[in-house]
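Encoded as structure tokens, the structure appears first; notes follow it.
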Amino acid sequence: MKTVWLTGLFFLAALAFISPQAHSQSKPVSVDIKNSEGQSIGIATLTPAAQGVKIKLDIKDLPPGEHSIHIHQVGKCDRPDFKSAGPHFGGATADHQHGAAPPGDIPNFSLIVATDHTAHVSVVAPNVTLGTGDNSVFSNGGTSIVIHAVTDTSSASAPARIACGVIAKPE
């Protein structure tokens, strides 16, 4: 009986040690989103989701209407055009086929900014993680969230980038 009690006590001590480390990996990641003038226009809060990464957006001072939002390859947001963020994040996955949408795309989602210039919405980016590996938003030193002026992707050129925030691994 004493052995069982000691084993149970050891197990509880081990859980107490391991639990804070596991919990720290699920802390939210805040991303300050700035416009082309360098002004903060909101926060994106990233948390793990069952099928990807949940992105909660609290945005202000953007033009009303429909905008596209993507995760981009590079963790840089040089103003005024944010081209430094590179193309859409395209982490390699075993099932990512040529011609398919890259992991940085957020399918079936448009950021709708109200007439008061705000948006408060959550969406799940299904093909990325907050962990490690090729599809982690922290791979290659970080990625970025880019908001585009419009959602129209029918033209040969991508819509203008009007806001950007760097996704960096918390320290």
Side-chain angles (χ1 to χ4, degrees), residues 25 27-49 52-93 96 98-114 116-171:
Q25 291 181 349
K27 285 185 180 177
V29 174
S30 292
V31 177
D32 185 20
I33 307 213
K34 295 184 178 184
N35 64 16
S36 61
E37 287 82 38
Q39 301 162 326
S40 179
I41 55 103
I43 298 289
T45 305
L46 284 63
T47 53
V53 172
K54 179 180 176 184
I55 303 171
K56 179 179 177 255
L57 296 159
D58 290 304
I59 303 293
K60 63 181 182 178
D61 299 329
L62 271 185
E66 197 171 347
H67 304 274
S68 62
I69 181 169
H70 303 98
I71 297 172
H72 282 244
Q73 189 75 35
V74 182
K76 286 183 81 175
C77 290
D78 294 341
R79 298 179 292 130
D81 59 10
F82 307 116
K83 298 270 185 191
S84 60
H88 293 184
F89 177 62
T93 61
H96 180 69
H98 180 72
D105 282 359
I106 302 170
N108 305 315
F109 177 75
S110 293
L111 176 65
I112 307 295
V113 177
D116 67 354
H117 302 267
T118 66
H120 306 282
V121 66
S122 293
V123 64
V124 173
N127 299 311
V128 295
T129 72
L130 292 177
T132 58
D134 290 338
N135 282 0
S136 171
V137 294
F138 306 127
S139 65
N140 299 319
T143 55
S144 58
I145 293 177
V146 173
I147 299 174
H148 294 270
V150 295
T151 59
D152 180 21
T153 57
S154 62
S155 67
S157 62
R161 301 171 184 197
I162 60 171
C164 185
V166 174
I167 304 171
K169 192 169 194 166
E171 302 201 17

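Note that the structure is predicted; figures quoted are calculated from it, not measured. Positions are given from 1 along the sequence.
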Any residue meeting salt bridge (charged side-chain N to carboxylate O under 4.0 Å, His left out) with [X], in chain and number order, not counting sequence neighbours:
X	answer
Lys60	none
Asp81	none
Asp78	Lys76
Lys54	none

Starting at [atom1] of [X], measure out to [atom2] of [Y] and round the result to the nearest 0.5 Å.
X	Y	atom1	atom2	answer
Phe109	Glu66	CZ	CD	10.0 Å
Asp134	Phe89	CG	CZ	7.5 Å
Gln73	Ser139	CD	OG	6.5 Å
Leu46	Ile145	CG	CD1	5.0 Å

Indicate yes or no for a side-chain donor-acceptor contact from [X] to the backbone of [Y] under 3.5 Å, with no hydrogens or angles considered.
X	Y	answer
Ser68	Val150	yes
Asp58	Ile43	no
Thr143	Val137	yes

Nearest heavy atoms of [X] and [Y], plus distance in Å:
X	Y	result
Asp32	Gly42	OD1-O, 3.5 Å
Ser144	Cys164	CB-SG, 4.0 Å
Phe138	Gly131	CD1-O, 3.9 Å
Val31	Gly165	CG1-C, 3.5 Å

Can you check whether [X] reaches [Y] side chain to side chain, under 4.5 Å on heavy atoms?
X	Y	answer
Ile162	Ile41	no
Ile112	Val121	no
Ile147	Ile59	yes
Leu57	Ile69	yes
His88	Asp105	yes
Ile106	Ile55	yes

What pairs of residues pass the salt bridge (charged side-chain N to carboxylate O under 4.0 Å, His left out) test when at least one of them lies in residues 160-171, not counting sequence neighbours? none
Do Asp61 and His117 have side-chain atoms, one donor and one acceptor, less than 3.5 Å apart? no
Please enumerate all residues that pass ring-ring contact (aromatic ring centres under 6.0 Å, His included) together with His148, with sequence neighbours excluded. His70, His72
